[in-house]
Trainee: 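Please see the structure below; I have some questions.
Each chain gets a letter, A, B and so on, in the order the sequences are listed, and its residues count up from 1.
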2 protein chains.
Amino acid sequence: MTEVLVHTRRAETLREVLENDIVTGAYPAGTRLDEVMLATRFNVSRTPIREALIELSGAGLVEIRPRRGAFVREIGITRLIEMFEVMADLEAMCGRLAARRIRAEELAELEQIHEACVHAKAEGDPDAYFRANQAFHEAIYKASHNSFLEEQALLLQNRLKVYRRLQLRVPNRISGSLSEHGQIVEAIKAGEPQRAAEALRQHILIQGERFNDFVASVAGHVKSVSSRS
Amino acid sequence: MTEVLVHTRRAETLREVLENDIVTGAYPAGTRLDEVMLATRFNVSRTPIREALIELSGAGLVEIRPRRGAFVREIGITRLIEMFEVMADLEAMCGRLAARRIRAEELAELEQIHEACVHAKAEGDPDAYFRANQAFHEAIYKASHNSFLEEQALLLQNRLKVYRRLQLRVPNRISGSLSEHGQIVEAIKAGEPQRAAEALRQHILIQGERFNDFVASVAGHVKSVSSRS
DNA sequence: GGATTTGGTCTTGTATACAAAGATCGTTGA
DNA sequence: TCAACGATCTTTGTATACAAGACCAAATCC
């Protein structure tokens with residue numbers, strides 16, 4: 001998870017740190033990211049900061065308003081649901097292709113990760129489950145054998161990471177998630193594209209649809225959709 | 001098509017111009033984009049050039065190799081087919097949602113654009129058809145009433161623009177495209193999500209699958225997949 | 001009293017200067 | 001002759017300096 005690699009460009013590492021800070025909520029939505037503030041914080045000049053902000057803007061995490069600065073993007077509930085809707089479709093596509101193209105060793109790994117999920121739940125360790133869950137989905141992306149799709153899925157997954165994590169705090173959600181995983185594995189194993197796709201779509205959509213349930217607990221991250229300036 | 005808007009940041013306009021140059025093949029795949037060369041060409045300093053290149057790298061059009069420079073990204077045939085596969089799925093999703101959510105005036109506009117396509121074909125004007133065709137697909141994106149999906153579809157459509165354009169040069173492709181459009185409109189009009197989705201998926205996949213037919217004619221743009229450094 | 005304008009300050013956007021890593025090419029040694 | 005090494009030169013990456021638009025507040029006008 002935590003890259004130890006030393007990048008040659010500072011902008012690269014800065015982007016990763018800032019991305020993490022935004023995703024974890026250290027910089028809540030709407031926060032203005034002052035260039036000199038960040039520059040002093042990281043002991044660099046404004047140049048690499050600007051480049052990092054531009055990268056983040058490309059990833060959709062910050063919004064750059066010309067001559068006004070960079071802001072942590074406000075994600076309205078509507079947009080969040082839209083993103084989950086697309087994520088569900090991407091994951092369904094991964095599942096559909098994986099059911100057709102998965103290799104024996106990939107299937108073995110997927111089942112092994114699924115076991116790890118079961119284990120994490122039994123241990124009652126939500127963080128471990130979150131990590132195993134993420135590995136589970138990434139294994140399916142990879143098994144689609146469409147590297148572009150894999151990249152896109154990873155990108156969007158990353159943007160939704162915080163919210164998926166919060167989702168697991170909902171009572172009984174882990175149990176539900178786990179049994180859905182089981183069905184997904186079954187469908188892929190059986191080589192049934194349609195079933196795998198639908199199982200994955202529902203698995204993701206549940207997170208998006210039930211979102212209103214815990215909107216209150218995310219009040220800091222999610223801004224009401226009515227506040228469109 | 002051609003934005004008249006004056007952007008406050010030069011990087012923004014530079015990105016658009018460079019994007020266009022890459023997409024039209026003025027800078028073929030693999031070309032090294034020298035910063036000072038571009039700076040002198042546009043009569044600006046390296047700073048906005050760099051920022052534009054970073055944006056393009058985020059969009060996947062150029063690859064920045066640290067300390068070595070920016071290169072127009074080589075898109076192998078495999079990756080191109082993968083991208084079409086994802087595009088097909090995104091468009092199918094747009095169609096599925098549009099069939100459910102399209103509003104009366106949007107449907108009217110869609111039919112009107114479809115008429116424009118028919119007209120352009122009758123006139124034998126490939127460029128006009130290309131533009132109308134693009135408008136047709138964008139109308140469906142919008143009718144999905146999922147603004148995030150719309151953005152993603154537009155982004156990928158833009159990256160595949162050149163290849164879709166070339167596709168229309170294939171004999172009889174325009175006729176086929178047009179009749180497919182007709183079926184898509186029918187399905188959306190009838191409010192049949194499944195049919196609309198499948199019609200759109202096939203409509204896009206045909207372009208990807210038949211791609212090998214004219215790979216030779218794109219030799220300058222597309223690089224053999226075997227050349228992985 | 002309220003709205004508007006205007007000056008000042010702050011922050012972004014751009015240019016330029018400097019540092020360091022990579023590429024090139026010639027030389028030297030086997 | 002060829003390969004390896006090194007000096008130089010080119011080009012990227014970063015810092016700093018400068019220009020200009022945006023925000024704020026006070027003063028002025030209606």
Trainee: Does a salt bridge link Arg9(B) with Glu16(B), judged by any charged N lying under 4.0 Å from a carboxylate O?
Mentor: no

Trainee: Between the side chains of Glu35(A) and Arg46(A), is the shortest nitrogen-to-carboxylate-oxygen separation below 4.0 Å, so that they form an ion pair?
Mentor: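 Salt bridge present between Arg46(A) and Glu35(A).
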
Trainee: Return the CE to CD distance between Met93(A) and Gln152(A), rounded to the nearest 0.5 Å.
Mentor: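 Going from CE on Met93(A) over to CD on Gln152(A), the span is 10.5 Å.
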
Trainee: With sequence neighbours left out, write down each residue that passes side-chain hydrogen bond (donor to acceptor under 3.5 Å, both in side chains) with Asp127(A), or none if nothing qualifies.
Mentor: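 side-chain hydrogen bond (donor to acceptor under 3.5 Å, both in side chains) check on Asp127(A) returns Arg165(A).
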
Trainee: Sequence neighbours excluded, which residues qualify as side-chain hydrogen bond (donor to acceptor under 3.5 Å, both in side chains) partners of Glu91(B)?
Mentor: His137(B), Tyr141(B), Arg164(B)

Trainee: Give me each pair satisfying side-chain hydrogen bond (donor to acceptor under 3.5 Å, both in side chains) with a member in residues 107-116 of chain B, each pair once, sequence neighbours excluded.
Mentor: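 Qualifying pairs: Glu111(B)-Lys189(B).
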
Trainee: Applying side-chain hydrogen bond (donor to acceptor under 3.5 Å, both in side chains), can you list everything that pairs with Arg159(A), at least two apart in sequence or on another chain?
Mentor: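 With neighbours one apart ignored, the set is empty.
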
Trainee: By side-chain hydrogen bond (donor to acceptor under 3.5 Å, both in side chains), which residues pair with Glu105(A), not counting sequence neighbours?
Mentor: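 Partners of Glu105(A) by the side-chain hydrogen bond (donor to acceptor under 3.5 Å, both in side chains) criterion, ordered by chain and then number, come out as Arg103(A).
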
Trainee: Looking at residues at least two apart in the chain, or sitting in another chain, which of them share a side chain to side chain contact (heavy atoms under 4.5 Å, CB included) with Asp21(B)?
Mentor: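 Side chain to side chain contact (heavy atoms under 4.5 Å, CB included) check on Asp21(B) returns Val17(B), Ala26(B), Tyr27(B), Arg41(B).
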
Trainee: Tell me what Arg67(A) touches on the nucleic acid: a base, only sugar-phosphate, or nothing, going by heavy atoms under 4.0 Å.
Mentor: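 Since a base atom lies under 4.0 Å of Arg67(A), the category is base.
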
Trainee: Under the ring pair (Phe, Tyr, Trp, His ring centres under 6.0 Å) test, which residues partner His145(A), sequence neighbours left out?
Mentor: none

Trainee: Tell me, which pairs form a salt bridge (Lys or Arg N to Asp or Glu O under 4.0 Å) where one or both residues lie in residues 132-157 of chain A, sequence neighbours left out?
Mentor: Glu151(A)-Arg79(B)

Trainee: Any residue in residues 53-64 of chain A with a heavy atom nearer than 4.0 angstrom to DNA chain C? Just list them by number, or reply none.
Mentor: none

Trainee: Between the side chains of Glu63(B) and Ser57(B), is a donor N or O closer than 3.5 angstrom to an acceptor N or O?
Mentor: no

Trainee: What are the atom names and distances for every N/O pair under 3.5 Å that joins the protein to nucleotides 8-10 of chain D?
Mentor:
none

Trainee: Could you state the CD-C1' distance from Glu35(A) to dG21(D), rounded to the nearest angstrom?
Mentor: 14 Å

Trainee: Taking for each residue the nucleotide of DNA chain D bearing the nearest heavy atom, is the 5' side occupied by Arg9(A) or by Pro66(A)?
Mentor: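 Nearest-nucleotide comparison on DNA chain D picks Arg9(A).
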
Trainee: By nearest nucleotide on DNA chain D, pick out whichever of Arg68(A) and Ala70(B) is the more 5' one.
Mentor: Ala70(B)

Trainee: What residues in residues 43-52 of chain B put a non-hydrogen atom under 4.0 Å from any atom of DNA chain D?
Mentor: Arg46(B), Arg50(B)

Trainee: Compare every heavy atom of Ala99(B) with every heavy atom of Ala196(B), then report the nearest pair and how far apart it is.
Mentor: CB-CB, 4.1 Å

Trainee: Contact boundaries of DNA chain C with chain B (under 4.0 Å, heavy atoms), 5' to 3'?
Mentor: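 The contact span of chain B on DNA chain C goes from dG13(C) to dA23(C).
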
